[in-house]
Amino acid sequence: MPRPIQARIDASALRHNFARVREYVGAKAKIWAVVKADAYGHGLLCAARALGALADGFALLDIQEGVALREAGVRQPILLLEGFFEASDLPLCARYALTPAIHSIEQIEMIEKARLASPLPVYLKLNTGMNRLGFTRESIAPVRVRLLESASLGAITLMTHFADADNARGIYEQSERFRALRALFPESFAVSTANSAAILRYPETTEGWVRPGIVLYGASPFEDRNAADFDLKPVMTLTSRILEVQELVCGDRVGYGGVFTAGAPARVGVVACGYADGYPRHAPNGTPILVAGRRTTTVGRVSMDMLTCDLTGIPEAGVGSPVTLWGEGLPADEVAASAGTVAYELFCALARRVPVVES
Ligand SMILES: *Cc1c(COP(=O)(O)O)cnc(C)c1O
């Protein structure tokens with residue numbers, strides 16, 4: 001028998017969340033379904049199949065992931081969010097109709113030198129304050145005319161990414177810079193700015209192409225708001241079972257380092273899930289977990305293949321009882337918050353060894 005751990009991917013929840021995004025952005029906006037990092041750990045092809053023709057396009061990072069989508073029959077536009085990395089990537093972009101984001105003069109030169117059979121559409125990354133990639137007012141000046149006149153470039157979409165759409169600082173400053181940069185280009189150029197947080201909080205950013213990621217997977221981009229507040233449904237549910245039950249007496253310790261010591265008689269369940277499955281090792285005592293549908297907490301340090309939880313208040317739980325690590329019934333956001341991280345990281349960390357079941 002295989003280990004009882006599995007990740008269930010709920011395709012109808014993914015479609016539901018997509019429909020929520022559509023409600024937020026309206027019928028006119030175009031939606032890139034962001035499926036980078038293997039669809040935030042949900043499985044690239046699984047996510048693409050679930051969304052099918054609903055998505056106006058798919059956005060990801062690796063050229064190989066883009067090729068895989070094309071080979072699976074995806075016809076919509078595909079955006080490479082981090083662009084291309086060397087000149088030899090360009091024939092693949094052309095052949096598989098992958099639209100790269102570009103952020104440097106070197107990339108523009110490579111496109112010109114590649115002499116592709118037809119002009120390559122690009123997303124022009126504009127740095128409005130994130131300060132990772134993209135052109136600023138200063139760095140765009142020497143290439144602006146060249147960009148506009150280049151026969152090697154197809155349609156140009158102006159793109160920027162918000163650093164603070166999810167927090168109190170907000171997007172005002174970046175929006176202003178984007179407006180100023182945009183004024184340097186023809187009005188007809190399409191734009192793309194909104195990530196999940198901006199879609200939910202700043203309707204004015206949903207012009208053109210929006211780029212939702214985390215909301216599609218049913219988690220909240222905000223620290224202070226639940227996914228349920230936005231009627232988002234969990235897509236990934238990570239489940240396992242209790243392998244063993246320990247009856248502890250006062251003073252007994254559990255697991256590596258004795259991070260938990262029983263202060264009173266306690267029942268502790270051993271769960272077939274550890275950090276090698278993607279569960280965060282830094283989740284402290286008290287991280288929420290569901291056993292037999294009831295909420296309890298982890299106790300002791302998470303080890304590679306197992307973790308332990310308190311069953312003292314759940315007498316009906318025993319060996320074989322079902323456990324939910326996150327997902328349906330236990331928002332990943334809550335587990336993430338307890339572990340000092342975000343649901344994005346939990347999803348992306350799901351290990352290859354965990355069997356994925358689509359439903
Ligand atoms: C990952 C990413 C997104 C999606 O972000 P979410 O917060 O998951 O919505 C959008 N745009 C870019 C450029 C990204 O890299």
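Side-chain atoms are counted along with the backbone in the values below, which use heavy atoms only and exclude waters and symmetry mates. Note that ligands are numbered from 1 as they come in the structure, with each ligand's atoms numbered from 1 the same way. Please read these numbers as outputs of a predicted model, since none were measured by experiment.
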> Between the main-chain N or O of His161 and the side-chain N or O of Gln174, is there a donor-acceptor pair closer than 3.5 Å?
Replying inline: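 Yes; judged by distance alone, with no hydrogens or angles, the pair exists.
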> Does Arg211 use its side chain to pair, donor to acceptor, with the backbone of Ser192 at less than 3.5 Å?
Replying inline: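 At least one qualifying donor-acceptor pair exists.
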> side chain to side chain contact (heavy atoms under 4.5 Å, CB included) with Tyr279: which of Leu350, Val271, Thr298?
Replying inline: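 Looking at Leu350, Val271, Thr298, the match for Tyr279 under the side chain to side chain contact (heavy atoms under 4.5 Å, CB included) is Thr298.
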Between [X] and ligand 1, is there a nitrogen or oxygen pair with a distance under 3.5 Å?
X	answer
Ala197	no
Lys125	no
Lys36	yes
Arg211	yes

> Which of these, Tyr217, Tyr40, Phe162, Tyr344, has its nearest heavy atom closest to atom 5 (O) of ligand 1?
Replying inline: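 The nearest heavy atom belongs to Tyr40.
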>> For Thr160, run the side chain to side chain donor-acceptor pair (under 3.5 Å) check against Asn127, Thr205, Thr128 and tell me which one passes.
In response: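 Passing option: Thr128.
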> Is the NZ or CZ atom of Arg301 both under 6.0 Å from the centre of the six-membered ring of Phe260 and within 45° of that ring's axis?
Replying inline: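 Not satisfied by the 6.0 Å and 45° rule.
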> When you measure from atom 9 (O) of ligand 1 to every protein heavy atom, which one gives the shortest distance, and what is it?
Replying inline: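 Ranked first by proximity to atom 9 (O) of ligand 1 is Ser196 OG, 2.5 Å.
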> Hey, are the side chains of Thr206 and Thr193 touching, using non-hydrogen atoms and a 4.5 Å cut-off?
Replying inline: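 They are not in side-chain contact.
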>> So for Glu82, does at least one of its heavy atoms come nearer than 4.0 angstrom to any atom of ligand 1?
In response: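 No, Glu82 has no heavy atom closer than 4.0 Å to ligand 1.
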>> Residue-level breakdown please: for Leu81 versus ligand 1, do any non-hydrogen atoms fall below 4.0 Å on the side chain, on the backbone, on both, or on neither?
In response: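 Just the side chain.
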> Where does His161 meet ligand 1, judged by heavy-atom distances below 4.0 Å: at the side chain, the backbone, both, or neither?
Replying inline: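 It is the side chain that touches ligand 1; the backbone stays farther off.
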>> List ligand 1 atoms under 4.0 Å from Met159, heavy atoms only on the residue side.
In response: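 Near Met159, meaning under 4.0 Å from one of its heavy atoms, ligand 1 has 13 (C).
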> Under 4.0 Å from any heavy atom of Ile214, which atoms of ligand 1 are there?
Replying inline: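 By the 4.0 Å cutoff, the relevant atoms are 6 (P), 8 (O), 9 (O).
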>> Can you confirm if the aromatic rings of Phe230 and Phe222 lie within a centre distance of less than 6.0 Å?
In response: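 Centroid distance Phe222-Phe230: below 6.0 Å, so yes.
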> Does CD in Glu223 sit with more than 12 non-hydrogen atoms of other residues, nucleotides or ligands closer than 6.0 Å?
Replying inline: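 Atom CD in Glu223 is not crowded, with 12 or fewer foreign heavy atoms closer than 6.0 Å.
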